[in-house]
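Ligands are counted one by one from 1 in listed order, and the atoms in each one are counted from 1 as well. In this chain, numbering begins with 1 at the start of the sequence shown.
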Amino acid sequence: MRNILITGGAGFIGSHVVRLFVNNYPDYNIINLDLLTYAGNLENLKDIDDKPNYTFVKADICDYDAVVDTFSRYKIDGIIHLAAESHVDRSIKDPFSFARTNVMGTLNLLQAAKSYWEGNFENKLFYHVSTDEVYGSLGNEGFFSETTAYDPHSPYSASKASSDHFVRAFYDTYGLPIVISNCSNNYGSYQFPEKLIPLFINNICNNKPLPVYGKGQNVRDWLYVEDHAKAIDVIFHKGKLGDTYNIGGFNEWKNIDLIKTLIKVVDRFLGREEGASEKLITYVKDRAGHDFRYAIDASKLKNELGWEPSLQFEEGIEKTVKWYLENKDWVKNVTSGEYQKYYKEMYE
Ligand code: NAD
Ligand code: TYD
C-alpha cells in the first residue's frame, strides 16, 4: 500500500490525475489536498469520490501545520504537487498571490516532506508538476529541451521557475528524492473557462466576442489533458530521481488557426453554418509580456520512459467541445458569481 498526496486535485489537470490514480491503483490510498479556490471544484471528481481509496482534505498548501498534519495522519510516502495559481492574466493583475501559492506553498510542502521523511528517504518521492513557460519564449525555430536555460517573463512563469529551483535545491542540499516535469499547454474537460479553449467554446455558444490578443500569431503546443495525466503516471513510477522531463504534444498551433478550427467544430455541433461564428473574432490589446512561441521537445520522455501522446488534436478537440456542450450545468456553476466580476474587469 502506498499513500499518495496529490495537491490541487480538484483543479483541471489535478482532477484527471486523481481519477487516473484512484481507478488504476486500487492498492494506493489517494489523498487529495486542495484549498478549493475559484479554480478548484469537487464536482470535477464526483464520479470517483466514493471510492474506498480516495480521501479529500480541504487545506491550504501554505498552512504548514495543516500540511504536516496531513503527512502524519495519512502516512504519506509520495506526493504529486499540482496546486498552484495557474492563469497568466491573473498573475499580471495580482503577482503576490502567485508568489504566495506557487513559491511559498511549494517550499512549505518541501519542508513538510523533508521533516516527515527525515532520515529515511527510501521509497519516497516528491513529484513537482511544472510548466514549459519557465523556459521563456521561442522564435520561429527550435524547441525547449530539459537543458534550456530558464527565462520566465510573466509573474506566473517566474513563480513556477522559482518553485522548480526550490525543488532542485532540496534534492541537491538535503537529498530529498524529487522529480520534475515541465508540460506544454493542456486542453480537455474540466478546464476553467478563463483559459483560451474553454473560454472560447463558452463564448461561441453564447454568441459573445472572442477576444484574440494582439494579432493572434502566438504559437502554443497543445496536449490533451488525459495524455498529460498518463505522462505523470509514467514519470511518477519510472522517472529517475533528480531528473526533469519535458512533456509536450508535438502539436503546435498559431492561436488564430486554432481558434478558427475550434469555431468550425463548435458551429458543427451547434448546427450553425460552417464558420458562422468567425464574426465573433475580436482583436484586442495584446497581453503584456506575451510569450511568442512555446514548443516542447519531448523526446527524452519518449526514449527513456516510452511515453508519447495518444490522441490526435482533431479527436481531442472534438471530445473537448462535446464535453463542454454536454456539461452546461458545470460551466454555469463555475461561471456564476466571482467569474462575472473577473470577466468584466478583464474583457469589458
Ligand atoms: P487549476 O488552476 O485548474 O487548478 C489549480 C488547483 O490548485 C485548484 O484546484 C485550486 O483550488 C488549487 N489550489 C490553488 N491554490 C491552492 C492552495 N494555496 N492550497 C491548496 N490548493 C490550492 O490549474 P491546472 O491548469 O490544473 O494546473 C495544475 C498544475 O499544472 C499547476 O501547477 C500548473 O502550473 C501546471 N501546468 C498547467 C498547464 C496547463 O496548461 N493548464 C500546463 C503545464 C503545467
Ligand atoms: P492561455 O490559455 O491563457 O494559456 P497560456 O497563456 O498559459 O499559454 O492562452 C493561450 C494563448 O491564447 C496565449 O497565447 C494567449 C491567448 N489568449 C487570447 O488570445 N485571448 C484570451 O482571451 C486568452 C485567455 C488567451
Using 4.0 Å as the upper bound for N to carboxylate O, is an ion pair formed by E226 and K230? no

Closest protein heavy atom to atom 16 (C) of ligand 2, given as residue, atom name and distance to 0.1 Å: N255 ND2, 3.5 Å

Looking at ligand 2, would Y347 count as a contact under a 4.0 Å heavy-atom criterion? yes

Ring center gap for Y339 and F192 short of 6.0 angstrom: yes

Tell me the contacting part of I13 for ligand 1: side chain, backbone, both, or neither, using a 4.0 Å heavy-atom threshold, strictly below. both

Backbone, side chain, both or neither: what part of Y294 comes under 4.0 angstrom of ligand 1, heavy atoms only? neither

Between Q191, K195, R287, H290, which one has a non-hydrogen atom sitting closest to atom 9 (O) of ligand 2? R287

Ring centres of Y245 and W307 under 6.0 Å apart? no

Give a yes or no on whether a salt bridge exists between D243 and K300, defined as a side-chain N under 4.0 angstrom from a carboxylate O. yes

I'd like to check which ligand 2 atoms, numbered from 1 as shown, lie under 4.0 Å from a non-hydrogen atom of L199. 22 (O)

A student checking ligand 1 against N185 at a 4.0 Å heavy-atom cut-off should list atoms 40 (O)

Using 0.5 Å steps for rounding, measure from the CG atom of L196 to the CD atom of Q191. 9.0 Å

Which ligand 2 atoms, with their elements, are less than 4.0 angstrom from a heavy-atom of P211? 18 (C), 19 (O), 20 (N), 21 (C), 22 (O)

Walk me through it: do Y54 and R19 pass the test side chain to side chain donor-acceptor pair (under 3.5 Å)? CA-CA 9 Å; Y54 172 75; R19 179 175 297 101; over 6 Å; no

What about H237 and Y28, are their ring centers closer than 6.0 Å? yes

Between D291 and ligand 2, find which residue part has any heavy-atom pair under 4.0 Å and reply side chain, backbone, both or neither. neither

What about F126 and I61, same hydrophobic cluster or not, with Ile/Leu/Val/Met/Phe/Trp/Tyr joined at side-chain heavy-atom distances under 4.5 Å? yes

Per-residue contact class, H81 against ligand 1 - non-hydrogen pairs under 4.0 Å: neither

Looking only at non-hydrogen atoms, the one of V17, L82, L35 nearest atom 21 (N) of ligand 1 is L35

Is it the case that K208 places NZ or CZ above or below the six-membered ring of Y347, under 6.0 angstrom from the centre and within 45 degrees of the axis? no

Proximity to ligand 2 by part of E194, non-hydrogen separation under 4.0 Å: backbone

Tell me: protein heavy atom nearest atom 33 (C) of ligand 1, and distance? Y156 OH, 3.5 Å

Hey, looking at atom 5 (C) of ligand 1, which of G8, A84, C62 has the closest heavy atom? A84

In terms of atom number and element, which parts of ligand 1 are under 4.0 angstrom from non-hydrogen atoms of S184? 42 (C), 43 (C)

